[in-house]
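Here the structure is a predicted model, which means the values were calculated and not measured.
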Amino acid sequence: MEQNFTLATLLKHLMKNLWLMVGLAILGGGGMYVLAHQAPKSHDEYKTARLMYIQNSSLKSADPKSRVEADAKLIQAYVAVENNQAIVRRTLYLLDQEGITNISYNQARNNTELKQKPGTVAVWANAKAGSSKQAVALTNAYAEAFASIAPRLIPNMPKPVLMPATGGAAKESNASKPIAPKKAAIFGAGAGFGIGVVLTLFTGIIANLRPSKRQ
C-alpha cells in the first residue's frame with residue numbers, strides 16, 4: 001500500500017523528530033562557542049625602524065664607487081648574525097636600562113630583523129611590539145646592540161653608523177578578527193538545527209518509500 005507524503009505528514013514527522021534537531025542545535029552552538037572562545041584574540045601591533053649604514057671609509061679609496069659597491073655585497077654576510085644570542089642579550093640589557101622588562105628573549109629575537117636597501121650600504125633595523133613605546137624602545141635597543149656586537153662577531157666588519165633614534169611607531173591592526181563567541185554560538189546552533197531538519201526529511205522520505213518497494 002502506497003503512502004502519500006503530504007505536507008501534514010511532513011510536519012508530523014518533523015515534530016516527532018524535533019528532539020534530533022534541538023540536540024544538533026545545542027551541540028553545534030556549544031561547539032562553536034567553545035571554539036570561538038578559545039581562538040586567539042585579535043591584537044594591534046606597532047612597527048618601526050631605524051636606519052644605519054655599514055661601510056668602510058671610502059675617503060682614501062682610489063675608486064670610492066667601487067668601494068661602496070664592494071661593501072654593499074658584504075651586507076648580507078653582516079646581517080646573517082642579526083639574531084645572534086649575544087645581540088639579543090645586549091638588546092634586552094639596553095631595554096632593561098630603559099625600564100622595559102616585559103619583553104622576553106624570544107620576543108626580542110623573533111620580532112626584530114635587518115633589511116638591506118638593495119644595492120646600497122643602507123640597512124634598516126626593524127622591530128614590532130604590542131605598544132608604540134615598546135616598539136620604539138625595542139628598535140633602538142636592537143639597532144644599538146647590533147652596531148656594538150656584530151663587528152666583534154665578524155672579522156673586518158666596519159662598525160655600523162646609526163642614524164638618529166626613532167621616535168614613533170606605525171600601528172598595524174590584525175586583519176583576521178575572530179568571530180565573537182555569542183555570534184559563533186548562534187551560527188553553530190542554526191547550522192546544527194538545519195542539519196537536523198535535513199536528516200529528518202531524509203529519513204522521512206526513506207521511510208515513506210520503503211512500503212512502495214515491497215509492493
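Contact check for Leu114 versus Met52: side-chain heavy atoms found under the 4.5 Å cut-off. No side-chain heavy atom of Leu18 sits less than 4.5 Å from a side-chain heavy atom of Lys16. Looking at heavy atoms from C-beta onward, Val81 lies out of side-chain contact with Ile149 at the 4.5 angstrom threshold. Side-chain contact between Phe146 and Leu162 is absent, with no heavy atoms from C-beta onward closer than 4.5 Å. Using a 4.5 Å heavy-atom cutoff, the side chains of Pro151 and Pro160 are in contact.
The heavy-atom pair separating Ala129 from Ala135 by the smallest distance is CB-N, 3.5 Å. Smallest separation of non-hydrogen atoms from Gly188 and Met32: CA-CG, 3.5 Å. Pairing each heavy atom of Ala49 with each of Thr166, the nearest pair is O-CB, 3.6 Å.
For Val161, the side-chain contact (heavy atoms from CB on, under 4.5 Å) criterion is met by Met163, not counting sequence neighbours. Residues meeting the salt bridge (charged side-chain N to carboxylate O under 4.0 Å, His left out) test with Glu144, sequence neighbours left out: Arg50.
Residue pairs meeting the salt bridge (Lys or Arg N to Asp or Glu O under 4.0 Å) criterion with at least one partner in residues 148-168, sequence neighbours excluded, do not occur; the list is empty. Under the side-chain hydrogen bond (donor to acceptor under 3.5 Å, both in side chains) criterion, the residue pairs touching residues 122-138 are Asn102-Gln134, with sequence neighbours excluded. Residue pairs meeting the side-chain hydrogen bond (donor to acceptor under 3.5 Å, both in side chains) criterion with at least one partner in residues 181-191, sequence neighbours excluded, do not occur; the list is empty. Sorted by first and then second residue, the side-chain hydrogen bond (donor to acceptor under 3.5 Å, both in side chains) pairs with a member in residues 75-90 read Gln76-Gln116; sequence neighbours excluded. Residue pairs meeting the salt bridge (Lys or Arg N to Asp or Glu O under 4.0 Å) criterion with at least one partner in residues 107-126, sequence neighbours excluded, are Glu113-Lys115.
Expressed to the nearest 0.5 Å, how far OG1 of Thr120 lies from CD1 of Ile75 amounts to 7.5 Å. The line from CG of Leu27 to CD1 of Ile195 is 10.5 Å long, rounded to the nearest 0.5 Å. Going from atom NZ of Lys73 over to atom CG of Asp71 covers 11.0 Å, rounded to the nearest 0.5 Å.
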Inset, instruction - Determine, stepwise, if the pair Thr112 / Thr139 fulfils side-chain contact (heavy atoms from CB on, under 4.5 Å). - result: CA-CA 7 Å; Thr112 53; Thr139 299; over 6 Å; no
Legend entry - Criterion side-chain contact (heavy atoms from CB on, under 4.5 Å) on Val123 and Val79, from CA distance to verdict: CA-CA 9 Å; Val123 177; Val79 302; 4.3 Å; yes
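Through chains of ILVMFWY side-chain contacts below 4.5 Å, Leu92 is grouped with Val88, Leu95, Ile100, Ile103, Tyr105, Leu138. Residue Tyr93 belongs to a hydrophobic cluster whose other members are Leu94, with links defined by side-chain heavy atoms closer than 4.5 Å.
Note on Ile87: it clusters hydrophobically with Leu74, by side-chain heavy-atom contacts below 4.5 Å among ILVMFWY residues.
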